[in-house]
Amino acid sequence: MRMLKLAAAAALCLAASACSKDGGSSNEAPASAPADAPSPAAATAPPPTDAAKAALVAELPAPYNTGDLANGQSKFALCRSCHTATEGGPDLTGPNLHGIFGRKAGSKAGYAYSDAVKNAGFTWDAEHLDKWLASPREDLPGTKMTFAGLKDPKDRIDLIAYLKAETSAKPAG
Ligand code: HEC
């Protein structure tokens, strides 16, 4: 009986693919990384090529320029329930993140930010995204982003590289 229960728990664990995250396996092949969720705006622009994405990541300061896009994409699963990243994508609970690099915090037109973010007074770059994603509520107390934070620094580096590649690309031509 006990063995059966353990096996069932392990199967659930695999299905949820979120158990026993130890932060030490970031080079693992993302065999079951979720594909990009279809978005209503996805049809408006061709997806950037891998070379274009790599060029964008290379623009980042170290260590973000070493970010692993596959792991970043799988970490973005933690954000998708509240954020879209595609150009022209809808605001959900949180604002659309297209163009976030170089955008003043709390400045996307049509989105109702908390005062904490609206009055933050800085412009998003890799370093500030790192601080924010480690703990939004410590970075900007009073924010309404109810995300506890991404504790593994390597996961944040990878996610920031992914965000750079996905949210800055302009369609070629
Ligand atoms: C439960 C919903 C939720 C989740 C999950 C979430 N966010 Fe947010 N996010 C928000 C909300 C709400 C705001 C607006 C915060 C405010 O106004 O205080 C926000 C704001 C932001 C901003 C600032 C946007 C701007 O225009 O200034 C960034 C950047 C951001 N989120 C990135 C992320 C990333 C990356 C993740 C995944 C690791 C994530 N968020 C996960 C809800 C969420």
Side-chain angles (χ1 to χ4, degrees), residues 16-26 28 30 32-42 47-48 53 56-57 59-61 63-170:
S17 75
C19 305
S20 64
K21 176 79 198 70
D22 62 10
S25 58
S26 51
E28 207 174 282
S32 60
D36 263 331
S39 137
K53 291 182 188 182
L56 286 164
V57 173
E59 289 174 10
L60 292 171
Y64 308 101
N65 56 358
T66 66
D68 172 48
L69 295 180
N71 186 47
Q73 176 171 3
S74 74
K75 294 307 160 222
F76 191 67
L78 299 168
C79 324
R80 274 189 203 287
S81 57
C82 297
H83 291 287
T84 60
T86 47
E87 185 168 16
D91 297 335
L92 305 176
T93 304
N96 170 256
L97 296 178
H98 195 85
I100 191 71
F101 286 82
R103 184 161 96 195
K104 198 167 169 293
S107 69
K108 185 182 173 291
Y111 180 82
Y113 291 92
S114 66
D115 287 345
V117 171
K118 199 166 47 191
N119 300 328
F122 60 78
T123 295
W124 290 114
D125 59 14
E127 285 87 355
H128 211 118
L129 283 166
D130 198 347
K131 194 168 168 228
W132 169 251
L133 295 175
S135 176
R137 274 173 285 196
E138 274 173 46
D139 186 24
L140 294 176
T143 180
K144 60 178 187 170
M145 173 153 141
T146 56
F147 174 73
L150 195 54
K151 298 303 170 205
D152 183 332
K154 176 70 166 82
D155 284 345
R156 293 199 302 273
I157 290 169
D158 294 346
L159 176 56
I160 287 165
Y162 174 80
L163 284 173
K164 176 73 179 177
E166 294 298 315
T167 66
S168 354
K170 305 271 177 292

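When a ligand or atom number is given, it counts from 1 through the structure's own listing order. Heads up: numbering here begins at 1 and tracks the sequence.
Of the protein's non-hydrogen atoms, Tyr111 OH, 3.6 Å is the one closest to atom 14 (C) of ligand 1. Looking only at heavy atoms of the protein, atom 15 (C) of ligand 1 is closest to Thr143 OG1, 3.4 Å. Scanning the protein heavy atoms around atom 2 (C) of ligand 1, the nearest turns out to be Cys82 SG, 1.9 Å. Nearest to atom 29 (C) of ligand 1 among the protein's heavy atoms is Leu129 CD2, 3.6 Å. In this structure, the protein non-hydrogen atom closest to atom 37 (C) of ligand 1 is Cys79 SG, 1.9 Å.
When each of Val57, Asn65, Leu133, Asp155 is paired with Ile160, the side chain to side chain contact (heavy atoms under 4.5 Å, CB included) condition holds for Leu133 and for no other.
Between Glu166 and Lys53, at least one side-chain N (NZ, or NE/NH1/NH2) sits under 4.0 Å from a carboxylate O, which counts as a salt bridge.
Of the listed residues (Tyr113, Trp132, Phe101), the one carrying the non-hydrogen atom nearest atom 22 (C) of ligand 1 is Trp132.
The closest approach between any non-hydrogen atom of Lys108 and ligand 1 is not below 4.0 Å. Ligand 1 has at least one atom lying under 4.0 Å from a heavy atom of Leu78. Residue Ala116 places no heavy atom under 4.0 Å from ligand 1. Heavy atoms of Arg103 come nearer than 4.0 angstrom to ligand 1 in at least one pair. Using a 4.0 angstrom heavy-atom cutoff, Phe76 does not count as in contact with ligand 1. The closest approach between any non-hydrogen atom of Leu159 and ligand 1 is below 4.0 Å.
Ring geometry for His128 against Phe122 counts as parallel: the plane angle stays under 30°, on a 0 to 90° scale with 60° as the upper cut.
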Q: Begin from the C-alpha positions of Leu97 and Trp124 and carry the test side-chain contact (heavy atoms from CB on, under 4.5 Å) through to its verdict.
A: CA-CA 11 Å; Leu97 296 178; Trp124 290 114; over 6 Å; no

Q. Taking it one step at a time, do Ser168 and Glu59 satisfy side-chain contact (heavy atoms from CB on, under 4.5 Å)?
A. CA-CA 11 Å; Ser168 354; Glu59 289 174 10; over 6 Å; no

Q) salt bridge (Lys or Arg N to Asp or Glu O under 4.0 Å) between Arg156 and Asp152: does it pass, once the steps are laid out? A) CA-CA 7 Å; Arg156 293 199 302 273; Asp152 183 332; over 6 Å; no

Q | Criterion side-chain contact (heavy atoms from CB on, under 4.5 Å) on Tyr162 and Asp68, from CA distance to verdict | A | CA-CA 8 Å; Tyr162 174 80; Asp68 172 48; over 6 Å; no

Q. Would Asp158 and Lys75 satisfy salt bridge (Lys or Arg N to Asp or Glu O under 4.0 Å), going step by step from the backbone distance to the final call?
A. CA-CA 8 Å; Asp158 294 346; Lys75 294 307 160 222; over 6 Å; no

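Residue contacts with ligand 1, taken as heavy atom pairs separated by less than 4.0 Å, do not involve Leu150 at all.
By the 3.5 Å distance cut-off applied to N or O atoms, Lys104 is not counted among the residues near ligand 1. The shortest N or O to N or O distance between Ser114 and ligand 1 is under 3.5 Å. Residue Gly106 places at least one N or O, backbone or side chain, under 3.5 Å from an N or O of ligand 1.
Of all the heavy atoms in Leu56 and Lys164, the pair that sits closest is O-CE, 3.4 Å. Residues Leu92 and Cys82 share a closest heavy-atom pair of CB-O, 3.4 Å.
Shown in contact with Trp124 at under 4.0 Å from a heavy atom are these atoms of ligand 1, numbered in order with element: 23 (C), 24 (C), 25 (C), 27 (O). Per-residue contacts place Lys144 under 4.0 angstrom from the following atoms of ligand 1 (heavy atoms of the residue considered): 12 (C), 15 (C), 16 (C), 17 (O), 18 (O). Residue Ala105 has at least one heavy-atom neighbour below 4.0 Å for each of these atoms of ligand 1: 27 (O).
For the residue pair Tyr64 / Asp130, a side-chain donor-acceptor distance below 3.5 Å is found, with atom types taken as modelled.
Although no hydrogens or angles enter the test, the distance criterion places no donor-acceptor pair under 3.5 Å between the side chain of Arg137 and the main chain of Lys144.
Within His83, NE2 is the N, O or S atom that lies nearest to atom 8 (Fe) of ligand 1.
Applying the 6.0 Å contact sphere to CD of Glu127 captures more than 12 heavy atoms from other residues, nucleotides or ligands.
In summary, Met145 places an N/O/S atom under 2.8 Å from atom 8 (Fe) of ligand 1, meeting the contact criterion.
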